[in-house]
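Notes to accompany the following structure.
Along the sequence shown, the residues carry numbers beginning at 1. Every number for a ligand or one of its atoms is a count from 1 in the order of the listing.
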Amino acid sequence: MRLTRAYVATALRTGDRMELPAAPAAHVARVLRARSGDSLVLFNGDGREYAARIESVSGTRVAISVGDSRPVDRESPIALTLLQCIPRGDRMDWIVQKATELGVHRIVPLLSERSVVKFSGRQAESKAAHWRAVAASACEQCGRNRLPTIETPLTLADFLGADPHTGERLVFDPDADDPAPAGTAPVSQQFAIGPEGGFAPDEIDALRAAGYRGLRLGPRILRADTAAVAALVWLQSRFGDLHGARQDR
Ligand code: SAM
């Protein structure tokens with residue numbers, strides 16, 4: 001049986017005793033009905049898994065002791081950055097969750113000309129914090145021991161004006177000519193997905209001028225959330241680690 005994994009945003013050392021943070025503690029105590037003596041796996045994003053033992057459960061408070069640790073790498077060989085124009089509703093949560101499962105390295109939530117959502121600076125920070133929690137939870141579920149970076153939302157224009165990326169750049173666009181580019185496996189790849197209404201023509205021009213290659217994903221128009229997942233699956237299966245063989249457990 002697979003052990004429960006819990007993310008804790010703190011340093012971990014063998015021999016430490018501590019209380020689990022509220023969210024994983026509630027899950028462990030209420031949903032899993034764990035008891036003292038049960039085992040679980042902790043990770044804090046440093047790339048290691050830490051064996052842990054539940055010492056006591058009292059209501060939703062769970063005290064644990066930290067055992068041995070080992071490095072476990074389930075990261076993609078390519079550093080994939082998803083530049084995602086934020087769709088409305090809670091679709092961005094879904095995109096963050098699925099992109100994390102699919103091994104994305106970094107997500108930059110973008111506000112573009114046709115974005116329906118608008119944020120103040122404070123809302124942008126709290127949205128980013130929420131999406132970081134979504135990503136941490138996805139890492140608990142999928143076995144990653146490093147969290148993707150989730151940037152604070154910004155406009156596409158501001159992002160392009162300050163972007164230092166030098167690797168491969170793609171913009172997924174239903175009107176692009178190129179159905180499937182040839183190329184060698186990139187070490188890092190950055191790719192942009194538009195909002196519900198797509199990128200405005202001047203945004204496509206700005207992306208092209210910044211070195212983004214247009215790429216079409218088949219003949220159908222995909223929803224923004226579907227497009228993000230389809231693009232990631234395509235990139236990971238072509239250049240990354242979606243090729244079937246299981247490396248470790
Ligand atoms: N009418 C919009 C347009 O033509 O761009 C549709 C936008 S689509 C709902 C949202 C985003 O998903 C697009 O901006 C693009 O980034 C991506 N997308 C959807 N279908 C695609 C396809 N077939 N090829 C490449 N990208 C696609």
Do you see a donor-acceptor pair shorter than 3.5 Å between the side chains of Gln189 and Thr81? no

Drop me the distance from Asp158's CG to Leu111's CG, to the nearest 0.5 angstrom. 9.5 Å

Can you get from Tyr50 to Val8 by hopping between Ile, Leu, Val, Met, Phe, Trp and Tyr side chains that sit under 4.5 Å apart? yes

Below 3.5 Å only, please: the N or O atoms of ligand 1 paired with protein N or O atoms, distance on each line.
| unit_1 | atom_1 | unit_2 | atom_2 | d |
| --- | --- | --- | --- | --- |
| ligand 1 | 14 (O) | Gly194 | N | 3.4 |
| ligand 1 | 16 (O) | Phe172 | O | 2.6 |
| ligand 1 | 16 (O) | Gly194 | N | 2.9 |
| ligand 1 | 20 (N) | Leu222 | N | 2.8 |
| ligand 1 | 23 (N) | Leu217 | O | 3.1 |
| ligand 1 | 23 (N) | Arg220 | O | 2.7 |
| ligand 1 | 24 (N) | Leu217 | N | 2.7 |
| ligand 1 | 26 (N) | Asp173 | N | 3.3 |

Sort out for me which residue in Asp173, Leu222, Ile193 forms a side chain to side chain contact (heavy atoms under 4.5 Å, CB included) with Leu217. Leu222

Measure from NZ or CZ of Arg114 to the centre of the six-membered ring of Phe199, then state whether that distance is under 6.0 Å and the direction lies within 45° of the axis. no

Can you name the residues that form a side chain to side chain contact (heavy atoms under 4.5 Å, CB included) with Val134, not counting sequence neighbours? Asp93, Val96, Gln97, His130

